[in-house]
Amino acid sequence: MSPANEDTKGQCAPRLGRARDWALGGTLLLALLAAVHWSIGWGPLLAPWRELSPWLLGWLFLLTALSYILRAVRVHDYFRPRFSGQFPVVLRLSILHNVANNLLPMRAGELIFPWLMRRYFGHGLLDSAAALLWIRLLDLHFLALIAILILNLSQPSWIWWALALLWVAGLALVVLVSGMGKTARLAGDGKIRSIVRRVLLAAPRDHWLVARVYGWTALIWSLKFAAFTSLLKFFLPLDLWRLLAGVMGAELSSVLPFHGIAGSGSYELAAVAALAPLGVDPKLALAGAVNLHLFLLGSTLILGGLAFLLPKSAKKAAVSQAFS
């Protein structure tokens, strides 16, 4: 695709899921509504909210909002110095991307990131998608580290600490992979070769950048897990490692082959699937997962509305200088 064609494509609205995706997502939503109605009842499920302290709710929302802000910091740092002085625009981009991820079915929200990168900053679609891929890999890497923590909390052993150290040490391979994009084997024409080369080159370029981006990733997920486990504990008085497992299951619903509208159905199913084998009653797990999901959606809508107050156009002079 020529640069001109790519530019034109970047100005068009992204495809927000196929009709089949929306139909399946709608089916999952209806199935969730029916399951709650017949197994628990919406009245009993929502009743505990009356006893939740507004101060605690506000504090948990603040932690969630801070995790959203740090996602923008991570993107800003990842592409530095290209976006220097443009953090408000990056913040708008990052929040809208996460809002789309939380609301659209079948992970169609991921398409928003490269589209907004092109629209706001003139950044290439493929390069933006490749960078997002590496960010998502770092997300999964840290989630695996949380999984090791859960295992250690459930069955304490030095083995988990050793495994965690080895897992973190493996991050050094990211820089090695980035250097592979410059090898002679990937030089030259060819669509597949070009895509592989650009994906490898999009990886963090040095150990210091990997450390910084991973540090932001750790803070993002730590804040989110702190907020979500605290809220889930209000609805499900369980020990910490089970709460972490429930939140982990819900968050990993994003990698399922199906994903409902606003995550409805798939989010709850993943949380119940994580908690039920740990001895939690499925009905109680479902009630906790639905209430946690309501908090997530409420936070998403509030932050998404606030994002529209942020600037959406980068300063042309700053962008031109950054790309020169």
Side-chain angles (χ1 to χ4, degrees), residues 24-42 44-49 52 56-57 60-61 63-64 67 98-99 101-107 109 136 139-140 142-151 153-154 220-301:
L24 182 55
T27 301
L28 288 170
L29 174 58
L30 292 175
L32 173 66
L33 295 175
V36 171
H37 177 75
W38 293 110
S39 65
I40 304 171
W42 285 98
L45 183 141
L46 297 174
W49 284 98
L52 181 60
L56 175 60
L57 185 60
L60 299 182
F61 172 76
L63 291 179
T64 304
S67 73
N98 284 284
V99 168
N101 255 342
N102 289 338
L103 298 182
L104 296 180
M106 302 304 172
R107 312 314 302 170
R136 287 289 175 256
D139 282 334
L140 289 174
F142 188 75
L143 287 176
L145 199 60
I146 295 180
I148 296 173
L149 170 63
I150 294 172
L151 291 171
L153 290 174
S154 63
I220 289 165
W221 286 106
S222 296
L223 288 172
K224 188 171 186 178
F225 268 77
F228 280 32
T229 53
S230 297
L231 184 66
L232 187 59
K233 185 175 180 61
F234 177 79
F235 296 101
L236 286 175
L238 303 172
D239 44 10
L240 178 59
W241 72 273
R242 285 186 173 88
L243 292 170
L244 287 171
V247 175
M248 173 72 78
E251 289 300 313
L252 287 178
S253 66
S254 61
V255 302
L256 292 174
F258 51 89
H259 185 73
I261 296 174
S264 300
S266 52
Y267 190 90
E268 289 77 10
L269 176 62
V272 173
L275 288 171
L278 303 180
V280 182
D281 183 274
K283 290 184 179 180
L284 295 178
L286 177 60
V290 171
N291 282 310
L292 182 63
H293 197 187
L294 290 174
F295 172 77
L296 169 63
L297 294 179
S299 301
T300 295
L301 293 174

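Computation of the quantities below employed the complete heavy-atom set of this structure, encompassing side-chain atoms and omitting hydrogens, waters and symmetry-equivalent molecules. The chain is numbered in sequence order, starting from 1.
- Closest approach of Ser39 to Leu286, counting heavy atoms only: OG-CD2, 3.9 Å.
- Here the shortest heavy-atom pairing between Ile220 and Ser67 reads O-CB, 3.6 Å.
- Shown here for Leu243 and Leu238, the closest heavy-atom pair between the two residues is CD1-O, 3.5 Å.
- Put simply, the residue from Phe235, Phe234, Phe295 that forms a ring-ring contact (aromatic ring centres under 6.0 Å, His included) with Trp49 is Phe235.
- Within the model, atoms CD1 of Ile146 and CH2 of Trp221 stand 7.5 Å from one another, a figure rounded to the nearest 0.5 Å.
- Taking each heavy atom of Leu236 and Leu284 in turn, the nearest pair found is CD2-O, 3.4 Å.
- Put simply, CG on Leu145 and CD1 on Ile150 are 10.5 Å apart, with the number rounded to the nearest 0.5 Å.
- Here the straight-line distance linking atom CZ of Phe142 with atom CG of Leu149 works out to 8.5 Å at 0.5 Å rounding.
- The shortest distance between side-chain heavy atoms of Leu301 and Leu103 falls below 4.5 Å.
- Of all the heavy atoms in Pro44 and Ile40, the pair that sits closest is CG-O, 3.7 Å.
- A distance of 10.5 Å separates CD1 in Ile261 from OG in Ser266, rounded to the nearest 0.5 Å.
- In this structure, Phe228 and Leu63 have side chains that are not in contact, with every pair of non-hydrogen atoms separated by 4.5 Å or more.
- A donor-acceptor pair is defined here as one N or O able to donate and one able to accept, closer than 3.5 Å; no such pair exists between the side chain of His293 and the backbone of Ala250.
- For the residue pair Tyr267 and Glu251, the shortest heavy atom distance occurs at OH-OE2, 3.7 Å.
- Put simply, the side chain of Asn291 gets close to the backbone of Leu45: a donor and an acceptor are under 3.5 Å apart.
- Looking only at distances, no side-chain donor or acceptor of Asp239 sits under 3.5 Å from a matching main-chain atom of Trp241.
- Here the CG-CG distance, from Leu231 to Leu60, works out to 6.0 Å after rounding to the nearest 0.5 Å.
- Here the straight-line distance linking atom CG of Leu269 with atom OG of Ser264 works out to 12.5 Å at 0.5 Å rounding.
- Between Leu46 and Leu294, the closest side-chain pair of non-hydrogen atoms falls below 4.5 Å.
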